[in-house]
Structure formats: C-alpha cells, structure tokens
Novice: 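Sending over a structure as structure tokens; questions will come in a sec.
Every chain is numbered from 1, with letters handed out A, B, ... down the list of sequences.
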There are 2 protein chains.
Amino acid sequence: MLAYSGTVGDVFKALADPTRRVIMDELVLRDGQTLFELCARLMNVHGSQSSRQAVSQHLAVLEDAGLIATHRAGRTKIHTLNTEPLRSITERWPLDR
Amino acid sequence: MLAYSGTVGDVFKALADPTRRVIMDELVLRDGQTLFELCARLMNVHGSQSSRQAVSQHLAVLEDAGLIATHRAGRTKIHTLNTEPLRSITERWPLDR
DNA sequence: TTGACAGGCAAGTGTGTGCTTGCCTATTCT
DNA sequence: AGAATAGGCAAGCACACACTTGCCTGTCAA
C-alpha cells in the first residue's frame with residue numbers, strides 16, 4: 001500500500017532530469033540504499049558530481065512522483081524503487097500500432 | 001527508418017509538459033494532423049488555450065525527441081505520432097519485479 | 001554526556017523553459 | 001497578380017528548477 005501524492009505529470013518531470021534517471025538506474029542495480037550510499041555510488045560508479053543536498057532534493061522529487069518509497073531505519077533512510085507509475089506511460093500511448 | 005536526433009533525456013523533457021502530453025493524446029485520437037487542426041482540437045476538445053506559436057514550438061520539441069514525425073504536404077505540415085521512443089522507458093526500468 | 005554521524009530545512013542564485021510579440025517565407029485560390 | 005492561408009524565425013519576458021550555502025534536528029557510539 002503505497003501512499004504518494006504525485007500526479008501523472010510529476011512522473012515525467014521527475015524523470016526529465018539526468019541525475020534523477022541515474023538515481024533510478026542505481027536503485028535498479030541495488031535497491032534499498034541510504035542517501036549517503038547513493039551519493040557515494042553516484043560519484044564512484046556513475047561519475048556524477050552531485051552534492052549530498054542535491055541528491056537529497058532529487059530523492060524528494062522522485063518520492064513525490066511515487067517512483068521511490070522511503071522508510072526510516074534508525075538514523076538512516078532507506079530508499080526503495082517503485083516502477084509502477086511507469087506503467088501509465090505505455091498505457092496512455094500504446095506501443096503497438 | 002526514422003531520423004531524429006533526440007537523446008533519451010529529450011523524451012522525458014518533452015513529456016514533462018502537460019500541453020505536449022495533450023498533443024500526444026490528440027494524435028492518438030486522430031493521427032496525421034496539421035498545426036492548425038491541432039490548435040483547433042486542443043482548444044475545443046481538450047480545453048487548452050495555447051496559441052499557434054506555442055503549439056508550434058511544442059511540436060518542434062516533440063519532433064526533436066522523436067515522438068512525432070513530420071512531412072510537408074503543400075502548404076501544410078502533417079504530424080505523425082511515433083511511440084517507439086517510449087519503449088526504452090520500460091526497458092530501462094522494468095515493470096515486473 | 002559529548003561528539004560524530006545521517007539527514008532536513010530554508011533562503012538565495014543562475015540557468016533553462018514556455019510563451020508572447022512582431023515580422024517573414026511559401027503555397028493556394030480567385 | 002494579389003490576397004488569403006499555413007507555417008517559420010528570432011528576440012524578449014517571466015517563471016520554474018537545479019544547485020549551493022548555512023544552519024538545525026535526531027540518532028548512535030565512546
């Protein structure tokens with residue numbers, strides 16, 4: 001039971017940023033990472049140079065769009081991928097013509 | 001054989017705008033429309049209030065992203081939908097987990 | 001309890017983007 | 001030929017957005 005307030009447009013706006021797409025890629029590789037883990041992996045694995053605050057704001061956008069879910073574990077925050085909103089894309093504009 | 005110069009990110013940026021999504025919707029309903037036809041239908045059918053120039057610029061963005069193809073017919077320009085770039089979305093972040 | 005760790009909040013900045021405005025080219029009709 | 005039609009080009013404006021900066025809150029270890 002996921003509770004996110006994103007509209008359809010928020011999904012596209014969220015994915016319009018290249019850094020946020022890389023975050024999605026990284027969560028596909030390893031789901032359930034914290035903010036610091038994501039920061040380190042974005043730098044080392046993906047060559048991104050985003051600061052912690054920048055990544056944090058990107059994660060907030062992705063969460064508002066419903067593309068990731070979060071829950072706190074102690075002093076860390078676990079980010080989990082949710083690709084379900086992407087389904088509406090191919091449903092809206094069918095691929096087979 | 002479609003020739004468009006759009007990158008992956010252009011597809012998302014193109015779909016991040018609500019007016020452009022409505023244009024896509026309208027082209028699903030009735031493919032191969034001209035600029036003026038699209039302007040009229042956006043106003044009457046979809047309640048949009050975009051000017052001719054605004055719609056024209058939106059169509060250019062969609063064409064750069066490879067989401068529509070165009071060809072001239074006399075003094076009109078026919079816009080044809082192409083949903084193929086959308087396939088890369090679900091391929092990049094698979095839906096079934 | 002004190003310090004380090006993980007993250008959040010809010011204001012300010014600079015670039016990007018959607019839209020308008022004004023004028024231009026090309027094609028069709030009478 | 002002349003006028004109307006269909007669309008293009010380019011400069012300017014206003015707002016949105018990504019990012020920084022600085023400081024604050026909560027959690028764990030010593």
Side-chain angles (χ1 to χ4, degrees), chain A residues 5-24 26-27 30 32-44 46-65 67-80, chain B residues 5-24 26-27 30 32-44 46-65 67-80:
Chain A
S5 61
T7 68
V8 188
D10 292 334
V11 178
F12 295 100
K13 277 199 276 192
L15 294 175
D17 185 86
T19 302
R20 287 197 285 268
R21 289 196 296 275
V22 174
I23 292 177
M24 294 285 288
E26 174 56 31
L27 284 178
R30 188 189 293 187
Q33 296 190 56
T34 67
L35 171 60
F36 268 65
E37 286 171 344
L38 283 169
C39 284
R41 303 261 309 171
L42 287 189
M43 271 213 326
N44 302 329
H46 301 270
S48 169
Q49 305 215 350
S50 301
S51 68
R52 179 185 65 90
Q53 294 85 345
V55 176
S56 176
Q57 287 170 352
H58 283 310
L59 289 171
V61 173
L62 289 171
E63 185 174 9
D64 284 343
L67 289 168
I68 63 174
T70 62
H71 70 274
R72 301 212 58 131
R75 62 180 159 180
T76 71
K77 191 178 183 183
I78 307 297
H79 301 81
T80 315
Chain B
S5 60
T7 68
V8 188
D10 292 335
V11 177
F12 295 101
K13 277 199 276 192
L15 295 174
D17 185 88
T19 303
R20 288 197 283 268
R21 290 195 296 273
V22 174
I23 291 177
M24 295 283 289
E26 175 55 30
L27 284 178
R30 186 188 294 186
Q33 295 191 57
T34 69
L35 172 59
F36 267 66
E37 287 172 342
L38 282 169
C39 283
R41 304 260 310 170
L42 288 189
M43 271 211 331
N44 302 329
H46 301 270
S48 170
Q49 305 216 350
S50 301
S51 69
R52 177 186 66 87
Q53 294 86 344
V55 175
S56 175
Q57 288 169 352
H58 282 309
L59 289 171
V61 173
L62 289 171
E63 186 175 8
D64 283 344
L67 290 166
I68 63 174
T70 63
H71 70 274
R72 301 211 58 128
R75 63 177 160 184
T76 69
K77 191 178 184 182
I78 308 297
H79 301 81
T80 315

Novice: With the side chain counted from C-beta on, respond yes when B/K13 and B/D10 share a heavy-atom pair under 4.5 Å apart, and no when they do not.
Specialist: yes
Novice: Return the CD1 to CD1 distance between A/I68 and A/I23, rounded to the nearest 0.5 Å.
Specialist: 7.5 Å
Novice: First locate atom CG of B/L62, then atom OG1 of B/T19, and finally report the distance between them rounded to the nearest 0.5 Å.
Specialist: 10.5 Å
Novice: Is A/S56 close enough to C/dG7 that one of its side-chain N or O atoms is under 4.0 Å from OP1 or OP2 there?
Specialist: no
Novice: Where along residues 32-43 of chain B does a heavy atom come under 4.0 Å from DNA chain D, residue by residue in number order?
Specialist: B/T34, B/L35, B/F36
Novice: Report the distance from atom NE2 of B/H71 to atom P of D/dA6, rounded to the nearest whole Å.
Specialist: 16 Å
Novice: Can you check the A/L15 CG to D/dC17 P distance for me, whole Å?
Specialist: 15 Å
Novice: Check this one for me: any side-chain N or O of A/K77 less than 4.0 Å away from OP1 or OP2 of D/dG26?
Specialist: no
Novice: Mark up nucleotides 18-30 of chain C, 5' to 3', with B wherever a protein heavy atom is under 4.0 angstrom from a base atom, S wherever such an atom reaches only the sugar-phosphate, and - elsewhere.
Specialist: SBBB-----BB--
Novice: Provide, to the nearest angstrom, the distance between the CG atom belonging to A/L59 and the P atom belonging to D/dC19.
Specialist: 12 Å
Novice: Given side chains that start at C-beta, do those of A/K77 and A/L35 come closer than 4.5 Å, heavy atoms only?
Specialist: no
Novice: Roughly how far apart are A/E26 CD and A/R30 CZ, rounded to 0.5 Å?
Specialist: 6.5 Å
Novice: Rounded off to whole Å, could you give me the CG-to-C1' distance for the B/D64 and C/dT17 pair?
Specialist: 14 Å
Novice: Does B/R21 reach the main-chain N or O of B/L15 with its side chain, forming a donor-acceptor pair under 3.5 Å?
Specialist: yes
Novice: Let me know the distance between CZ of A/R21 and C1' of D/dA18, rounded to the nearest Å.
Specialist: 14 Å
Novice: Between A/H79 (side chain only) and A/Q33 (backbone N and O only), is there a donor and an acceptor less than 3.5 Å apart?
Specialist: yes
Novice: May I ask you to test the A/I78-A/T34 pair for a side-chain heavy-atom distance under 4.5 Å?
Specialist: yes
